[in-house]
Amino acid sequence: YSVSSLLKMYFRELPNPVCTFHLYEKFVEAARSTDDIRLPKLRDVVSQLPPPNYRTLEYLTKHLHRVSLRHGDTGMTAKNVAIVWAPNLLRCKSLEVGGVAALQGVGVQAVVTEYLIKYCELIFSDKLPHVLCVDTTA
């Protein structure tokens with residue numbers, strides 16, 4: 001328990017989160033996408049992370065996925081793990097001050113984090129091609 005608290009604190013105190021500030025809106029946009037394009041969009045955004053962030057996120061989400069698989073013993077489903085970890089991995093610079101907007105941001109952060117945890121094997125797989133999501137509204 002202390003180790004996980006220390007690890008979460010370490011990630012929370014990073015000056016720039018693992019899922020960097022400059023990609024926050026892209027993560028949110030990907031999470032709000034329809035089911036059929038959410039995975040390719042998230043894979044695309046994750047691939048834009050700097051290499052150290054990418055590797056850290058890959059390792060951590062795969063570990064959190066393994067934790068969630070033991071939910072019968074721990075009660076920590078992927079959703080529960082995501083709620084706990086989301087504010088430590090994905091933050092918006094403009095929401096750092098708090099308030100209602102920051103609380104609303106936590107919900108979408110948890111959705112992104114849960115998806116990363118549940119589908120980490122697909123998101124970080126080098127065997128799947130990266131699909132470009134073309135904006136058809138333009």
Side-chain angles (χ1 to χ4, degrees):
Y1 174 74
S2 316
V3 174
S4 69
S5 295
L6 183 63
L7 190 59
K8 286 187 300 185
M9 185 174 72
Y10 170 79
F11 281 101
R12 185 173 49 252
E13 298 296 323
L14 288 173
N16 196 4
V18 173
C19 298
T20 60
F21 286 131
H22 82 278
L23 290 175
Y24 180 84
E25 291 302 326
K26 289 183 179 184
F27 274 107
V28 169
E29 179 187 327
R32 290 183 174 155
S33 299
T34 57
D35 290 342
D36 59 326
I37 61 170
R38 187 175 300 134
L39 180 61
K41 278 193 163 195
L42 267 176
R43 287 188 77 222
D44 181 56
V45 177
V46 167
S47 73
Q48 295 174 47
L49 288 168
N53 297 53
Y54 180 93
R55 288 189 303 275
T56 302
L57 185 64
E58 177 182 19
Y59 185 83
L60 183 61
T61 56
K62 286 181 178 181
H63 171 70
L64 295 176
H65 177 72
R66 287 189 300 274
V67 168
S68 74
L69 293 177
R70 298 194 44 91
H71 64 85
D73 299 326
T74 65
M76 295 302 287
T77 62
K79 183 175 185 170
N80 291 341
V81 172
I83 290 168
V84 171
W85 274 92
N88 306 307
L89 300 177
L90 181 65
R91 300 189 311 269
C92 178
K93 189 94 168 148
S94 64
L95 300 179
E96 291 277 289
V97 292
V100 175
L103 288 175
Q104 291 169 338
V106 170
V108 74
Q109 292 164 3
V111 169
V112 171
T113 306
E114 181 182 4
Y115 208 83
L116 291 171
I117 292 168
K118 279 185 171 180
Y119 301 104
C120 61
E121 294 297 334
L122 294 172
I123 291 169
F124 293 100
S125 173
D126 56 356
K127 293 176 178 66
L128 297 174
H130 282 273
V131 178
L132 294 176
C133 297
V134 179
D135 183 5
T136 57
T137 60

Tyr24 six-ring face occupied by Arg91 cation (under 6.0 Å, within 45°):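 No, Arg91 does not lie over the aromatic ring of Tyr24.
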For the residue pair [X] and [Y], establish whether any side-chain heavy-atom pair is separated by less than 4.5 Å.
{"X": "Trp85", "Y": "Lys8", "result": "yes"}
{"X": "Leu122", "Y": "Tyr119", "result": "yes"}
{"X": "Met76", "Y": "His71", "result": "no"}
{"X": "Cys19", "Y": "Val112", "result": "no"}
{"X": "Thr34", "Y": "Arg38", "result": "no"}
{"X": "Ser68", "Y": "Ile117", "result": "yes"}
{"X": "His65", "Y": "Lys118", "result": "no"}

Sidechain-backbone polar pair: Thr20 side chain, Asn16 backbone, donor-acceptor under 3.5 Å: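 Answer holds: no.
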I need the [X] [atom1] to [Y] [atom2] distance, nearest 0.5 Å.
{"X": "Lys79", "Y": "Thr113", "atom1": "NZ", "atom2": "OG1", "result": "13.0 Å"}
{"X": "Ser47", "Y": "Ile123", "atom1": "OG", "atom2": "CD1", "result": "11.0 Å"}
{"X": "Leu23", "Y": "Glu29", "atom1": "CG", "atom2": "CD", "result": "11.5 Å"}
{"X": "Glu121", "Y": "Glu58", "atom1": "CD", "atom2": "CD", "result": "8.5 Å"}
{"X": "Arg12", "Y": "Ser5", "atom1": "CZ", "atom2": "OG", "result": "8.5 Å"}

Step-by-step side chain to side chain contact (heavy atoms under 4.5 Å, CB included) determination, Leu116 to Leu89: CA-CA 11 Å; Leu116 291 171; Leu89 300 177; over 6 Å; no
[X] versus [Y], closest heavy-atom pair with distance:
{"X": "Ala82", "Y": "Ala110", "result": "CB-O, 3.5 Å"}
{"X": "Cys92", "Y": "Glu25", "result": "SG-OE2, 4.4 Å"}
{"X": "Ala30", "Y": "Lys41", "result": "CB-CB, 3.7 Å"}
{"X": "Val18", "Y": "Asn53", "result": "O-ND2, 2.9 Å"}

Trace of the side chain to side chain contact (heavy atoms under 4.5 Å, CB included) decision for Leu60 with Phe11: CA-CA 11 Å; Leu60 183 61; Phe11 281 101; 4.1 Å; yes
ILVMFWY cluster, Leu14 and Phe27 together (side-chain gap under 4.5 Å):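 Yes, same cluster.
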hydrophobic_cluster_shared for Tyr59 and Val46, side chain cutoff 4.5 Å: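 Unlinked, Val46 and Tyr59 end up in two clusters.
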side-chain hydrogen bond (donor to acceptor under 3.5 Å, both in side chains) against Thr56, all qualifying residues, sequence neighbours excluded: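 With neighbours one apart ignored, the set is empty.
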Flag if over 12 foreign heavy atoms under 6.0 Å of NZ, Lys62: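 It does: Lys62 NZ has more than 12 such atoms within range.
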Worked check of side chain to side chain contact (heavy atoms under 4.5 Å, CB included) between Asn80 and Val84: CA-CA 6 Å; Asn80 291 341; Val84 171; 5.8 Å; no
